[in-house]
Amino acid sequence: MSQFLQQLINGLSLGSIYALIALGYTMVYGVLRLINFAHGEVFMVGAYAGYYAAWLLGVERFEAAGQNFPIYLALVVLALAMGAAALLGVLIEALAYRPVRSAPRLTPLITAIGVSLLLQNVALLVFSPNPRRYPAILTEVRFEFAGVIVTNVKLTIFVLATLLMVGLHLLIQKTSWGRGARATSANLDAAELMGIDTGQVIRWTFATGSALAAAGGILFGLDQITINPQMGVLTGIKAFVAAVLGGIGNIPGAMLGGILIGLAEQFTAGYLSPDYRDAITFLILIAVLLIKPQGLLGVVRTEKV
Amino acid sequence: MRPLRRVLPYGAILLGAWGLGACKPSAEELANATGDIVVGHYASMTGSTAHFGQDTDKAARLAVDEINAEGGVRGRKLRLVTLDDRGDSAEAANAVNRLIDVENAVALLGEVASSLSLAGGRIAQRRHVPMVSSASTNPKVTKVGNYVFRVCFLDPFQGRVMAVFAKKHLGLSSVAILRDVRNDYSIGLSDAFRKSFIELGGTIAVEQSYAQGDTDFSAQLTAIRASSARAIFVPGYYSEVATIARTAQRLGLALPLLGGDGWDAPDLFKIAGDALDGSFFSNHFAPDMASARAQRFVAEFTKRYGQAPTGLGALGYDGVLVIADALRRTTTVEPKTLRDALAATREVDGVTGKITIDADRNPTKSAVVLRVSSGRAKYETTIAP
Amino acid sequence: MSKSPALRVVVFVTLLFALSLAGLALRANVIEYVQRIVLLAGINIILAVGLNLINGTTGQFSLGHAGFMAIGAYAAAYIGVLLGPLVEGWCGPGLLADGLTLNLALVGGAFFSACAGLLIGIPSLRLRGDYLAVVTLGFGEIIRILFTNAEFLGSATGYFGNEPAGLREYTSFFWVYVWALLVVVGLYNLTFSQMGRSLVAIREDEIAAEAIATPTTRLKVQAFVISAATAGIAGGLFAHIQAGIRPEDFRFEKSIDMLVMVIIGGLGSISGAVLGGIFVAVTLELMRDLAQYRLVIYALLLVVIMIVRPRGLLGTRELFDTWKKKSGPSSGARV
């Protein structure tokens, strides 16, 4: 039983991180009908941004002295990383996606793959392929109950992820930008005709999604101990599958999908075999696309010709 | 398209072919080769296992410079030419071809990863250019042919070393295995360990696996925690091993870890911190080993590169020493003669011990076991074959 | 194009003869380093032209072709190891036995790849471009994971056959380029046939094609299967130029290499794919000093080409369009 609970806890925390990343995919797809392949790399850059921000703020001094890194400084690290990622997201949109917006489907897809590869390989050059230990922005504390180990890191992941997602939900539902985003998702041309600055909406969509991914990156680093320049590849794909599972373009769907994928992965690794933890995500994708392509919470879209 | 634009692509291709120096050198050109003796080194200098190639190359260069400072080999200087194979087996074959054809290497050094040595070794064997692998531990490598040699011990031996250590020195009777299925080295080593440990009367409590690049080991470690294992054999590469150690620490799993030479990398302790304390691993060499030769090497390497050498570095150094020793015993650099000289290598004073090449082109060597304490690896004991 | 059958046979035999002469000349006069690159270029040609059928001509997006190459490689290697000694027993060792074994292995490899293509294509080709890309990527990875866990195929170490020297090196200039010729001519004829025109129609406007009763799914699957088979042939040839094959040789990076080949030449152009294949093989070696920047450069190329000249080098035209003054079914298309 305790093994089940342990896998459950691990699955939920992993799933929360996937959910954070999936939100970015789903939002961009909602407004642009584009799979932002580079989103996984934004996640990775966010993690590294957190790494360097922590280093700048002297995390090593705290570690050497055996002291905890102050919470307010941890929040600064988070803010810096999220800001950096938001900037990167907007930059990618402006340089790589905007020029090909009107091109037929395949072109933006290839461009997105190109940007993803570019970021990955530049990161490999700049950061070197060796994995790095993530700095102790949060000092680890273990709790044990009923034979299950929970760390404060995992708790933070839950809490932070939930807060961010609730925040996003409020943003979308209550603010005028949110209204604009929803309108643009429904119909870009109509929204433009109604006087909504869709360019602005798109920029903010990329910025927000990227910021959330960066938060996910920092949490991932804290939980998984190391980061490396290729961490965004597989995680990005899994988060994308999560978005599809929940219903691409649907924000609550992305959150649900993330949690489900995290649980599926953890239970497969624990009860079946760790070798197939990655394969299960792809199998889920194929199953979803075959059985209910609009996802769990999605709506069937008719394509007007 | 206008005619010129049509022709352009073909022209570019021909230009490229010319640029690659496509044409074979004449017999004259080959016979007139004097000057530096070229040793070709093919290694993974970039990619996820870049530290393999780089460690080996740094030490090999040190060896070449030291030999040249003492007058070279029969009056000629050695020159090490290094080509990157990026950890790709097709590239390894290309690199070996290029070293032979373009760089005129008379002997080859490489590789670390066994599958790459197999890829390059086949070419070396076919083209009759002697090859010395510094660190490939898979038995198949020297079976490729009589032109392929190595200066390190083999996986079956290394697996046995840790089995002996676990059973006899640590008195353990039940061990778990956590191996990397995406890694031929890890599989070979774990197979050897399992066989030896069972032969010695021990039991394997449970076997778990992971894939190189994984960062989440909680599932596997949770399963091991629930078993009767008193130690975990983790024959993987350093980055996963370090993360496994930290995760185990986090899960409250206080079992010692046992491993092989794949642990040996400068970043191992950067990532693991103190999580590996109380663990042991086998290696080709320990920086605090008693031998004077090893000490001198460690001092020179640290002085030159500002970091301590790893076991791979030590082997790369010894690889060059063995090649130079063979070259000194021949009067020409003719391939067959050089090959025979290599096969007759006796008691070369290497950093990793005295190297004598046996009939299967492998060295007879002992392994050292290191203990980790306070975030550092220290020499513990030597285990002979 | 109404050549008499006799003329076609003569042309074909002459080409075979020319290829074997070229092969001998290459072996005698060119250093082995370059020989190998020429062979790899030929294998790339087969890969690129095959992928072009599905990515270019049909406008679907497969990111997992490395998986089909892997299946073809492993199957061909296994068959080669099984049949090699048998065939040698029948006809005695030599070129005949080697050629026979190789071709049997290649056909076997292509068959298995085609089956995989069918299995994967039927469920996936109902999906839109973006989804298809991710699904095929996933399949490519799953195939690689399966091979990594397959003990009888050597798992991560790789499959090296039963001899200490590894897999027999059956691949030669002659065979690579005979197959390259077959694939290029075959797919060229396919592209300019009725089926090819339908595929282009699917690329241009799938819904319209459906509206005029084109069996889109069936055609897409057929094209996918053919494309998978050609990747399998390339894989089989690749296997027999290496000492052994490992799952790591067929990573996602390989699918990206194939994508670059097709895009540089122009999505939809067969001669473009040929040039793209040669380009990737040659630049791989020419850029040796820049090896760590290679993927950065490829990625930049992809992005820049898509923004500046999405049609690639040749767009959807062929090299010899001006010779024939023919406007093929693909001209005037947008990419």
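Just so we're on the same page: letters track the sequence lines, and every chain starts at 1. Note that the structure is predicted; figures quoted are calculated from it, not measured.
Contact annotation for B/Q249: only backbone heavy atoms (N, CA, C, O) come within less than 4.5 Å of a heavy atom of chain A. Contact annotation for A/Y134: neither backbone nor side-chain heavy atoms come within less than 4.5 Å of a heavy atom of chain B. For chain B, the nearby part of A/N10 is the side chain; its heavy atoms alone come within less than 4.5 Å. Interface residue A/Q224: backbone and side-chain heavy atoms are both found under 4.5 Å from chain B. The contact between B/T247 and chain A is made by backbone and side chain atoms together, counting heavy-atom distances below 4.5 Å. With a 4.5 Å cut-off on non-hydrogen atoms, B/A211 does not touch chain A at all. Heavy-atom distances place no part of B/F217 under 4.5 Å from chain A, backbone and side chain included.
Taking 4.5 Å as the limit, every side-chain heavy atom of A/P131 sits out of range of all side-chain heavy atoms of A/I227. Between A/L23 and A/M165, the closest side-chain pair of non-hydrogen atoms falls below 4.5 Å.
Other residues, nucleotides and ligands contribute more than 12 heavy atoms inside 6.0 Å of the CZ atom of B/R304. Within a 6.0 Å sphere centred on NZ of B/K195, other residues, nucleotides and ligands contribute 12 heavy atoms or fewer.
Side-chain atoms of B/R250 and B/S218 form no donor-acceptor pair, as typed in the model, at a separation below 3.5 Å. In the model, B/E111 has a side-chain atom that pairs as donor or acceptor with a side-chain atom of B/S44 under 3.5 Å. Side chains of B/N94 and B/E91: a donor-acceptor N/O pair is present below 3.5 angstrom, by distance only.
Note: A/D223 leads A/L234, A/L14, A/N228, A/D223 in heavy-atom pairs under 4.5 Å with chain B. If you tally non-hydrogen atom pairs under 4.5 Å between each of B/D267, B/T243, B/L251, B/T215 and chain A, the highest count goes to B/T215.
One finds no salt bridge joining B/D214 and B/R182 here, because no Lys/Arg side-chain nitrogen approaches an Asp/Glu carboxylate oxygen to under 4.0 Å. Contact check on B/R246 versus B/D274 returns no salt bridge, with no Lys/Arg side-chain nitrogen under 4.0 Å from an Asp/Glu carboxylate oxygen.
In this structure, B/F52 has its ring center closer than 6.0 angstrom to the ring center of B/Y237.
Scanning residues 38-57 of chain A against chain B with a 4.5 Å non-hydrogen threshold yields no residues.
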